[in-house]
Protein chains: 2
Amino acid sequence: MILETASRLFQRQGYNGTGINQIIEESGTPKGSLYYHFPNGKEEIAIEAIKLVKEKILEHTKHDMLAADDVIDAFQQHINNIADFYDTEDCTEWLKIGLLASETASTHETLRLTCETAFKEGQMLYADTLIKHGYETPLAQELAITINSLLEGATTISLTRKSGDTLRVIAKQIPTLLRGKNSGGNRE
Amino acid sequence: MILETASRLFQRQGYNGTGINQIIEESGTPKGSLYYHFPNGKEEIAIEAIKLVKEKILEHTKHDMLAADDVIDAFQQHINNIADFYDTEDCTEWLKIGLLASETASTHETLRLTCETAFKEGQMLYADTLIKHGYETPLAQELAITINSLLEGATTISLTRKSGDTLRVIAKQIPTLLRGKNSGGNRE
DNA sequence: GTCTATACACTGATAGAC
DNA sequence: GTCTATCAGTGTATAGAC
């Protein structure tokens, strides 16, 4: 329950914007108990919270990647699912670690590394899906990085605009992006 | 000097991670002076800092958009320029408002709106460039949103990985993305 | 293992001398 | 207009009773 609450708050308010006291209040956990389970305090909680969010993201992604036979349809539906998510005003969780990553990149090395791993695992999942559908490995890896960047950026803009429309626009570009399966088709 | 220092710190550490006292120390401004010029305190400083960063971004972008005749070359060089920027360990400024935007999206409505405007102006500059090079207006707008998302996400991942390589990978996908000039070429 | 009271640094902001 | 001393509040973390 501590990690559930912490990961929700960290995603919305960031690392510096979320206090231990707030985590305690909202989760109902007493302070002594929290520091017993997480002796290293806030940073340790953040590390575990990031891992938890990562697992949730991977789970959603795996499901979406298998939901359609055509890989283009799968990615488009994946992005549109996330878009609907960002429409709801009262959504408590963004399934996104970009805020934590940006905040801690130059200040908390351990957290930075945890975020780096999370990004990498997400990319690998995209790349494997593309390879499974016949894309050449090097191109699949580049496209996976591109789609990951696209999603990270579009979610940031979607939450700033309080609308999933930005995500829907990028979903429309997926067919263009995934056009050629071998790297020769990359240039016109 | 206050705004220069504030915008640098806000970009790197975020809104909640940057204290008024730190801005004062690093800029050499006494506290009384700061609150005389910015009576509304931290939030007012952040608003002006975001506007300053936005102007810098627009300036760099305008320059890059005019630096090559071919629009694909222009965008690729633009992204590669930013990539080099993210390689240097001691770069103090990220020319990026995504962190501020994410942090304040659900807590500081005024800052959220300032960031929303900044994103919008960046997108308009990309769209105008594409229209000028013959892209149909609706497609140009969609591609502008896509490139903006791509850059926002890739910069986040680049600073997490402490390397501009992610940006270089997305630069390689620009030709594929900008392939067709009319919306009919959007689907295979 | 669980909890409360508390330490102590730091936050944003202000009052009032100059 | 410029500066400093200080405020009340909050931050993380800990000590020690139970």
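Note on naming: letters A, B, ... go to the chains in the order of the sequence lines (proteins, then strands), and numbering restarts at 1 for each one.
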Problem set entry | Between C/dC10 (P) and B/Ile24 (CD1): distance, integer Å | 15 Å

Exercise. Atom CD1 of B/Ile23 and atom P of C/dA13: how far apart are they, to the nearest Å?
Worked result: 10 Å

Seminar exercise, completed: Smallest heavy-atom separation, B/Gly41 atom then B/Tyr35 atom, equals CA-CE2, 3.7 Å

Exercise. Can you find a pair of side-chain heavy atoms, one from A/Ile97 and one from A/Lys54, that are under 4.5 Å apart?
Worked result: no

For this session: Could you list by number each residue of residues 25-39 of chain A showing a heavy-atom separation from DNA chain D of less than 4.0 Å, or answer none if no residue does?
Result: A/Lys31, A/Tyr35

Exercise. For B/Glu55 and B/Lys51, what are the C-alpha separation, side-chain angles and deciding distance, and is it a salt bridge (charged side-chain N to carboxylate O under 4.0 Å, His left out)?
Worked result: CA-CA 6 Å; B/Glu55 290 306 326; B/Lys51 289 181 185 167; over 6 Å; no

Exercise. Under 6.0 Å from the CD atom of A/Glu59, do we count more than 12 heavy atoms belonging to anything else shown?
Worked result: no

Exercise. If we only count heavy atoms from C-beta on, is the A/Val53 to A/Trp94 side-chain gap below 4.5 Å?
Worked result: no

Problem set entry | Rounded distance in Å - CD1 (B/Ile20) to P (C/dA9) | 22 Å

For this session: Please state how far atom CG in A/Asn16 lies from atom C1' in C/dT11, giving the value in whole angstrom units.
Result: 13 Å

For this session: Sort out for me which residue in A/Ile174, A/Leu150, A/Thr155 forms a side-chain contact (heavy atoms from CB on, under 4.5 Å) with A/Ile79.
Result: A/Ile174

Exercise. What integer distance in Å separates B/His108:NE2 from C/dG12:C1'?
Worked result: 11 Å

Seminar exercise, completed: Here the pair of heavy atoms bringing B/Glu44 nearest to B/Phe38 is OE1-C, 3.4 Å

Exercise. Considering the options B/Arg12, B/Gln11, B/Arg8, which one meets the side-chain hydrogen bond (donor to acceptor under 3.5 Å, both in side chains) requirement together with B/Glu93?
Worked result: B/Gln11

For this session: Taking heavy atoms of chain A and a 4.0 Å limit, find me the 5'-most and 3'-most nucleotide of DNA chain D within that range.
Result: D/dG11 to D/dT14

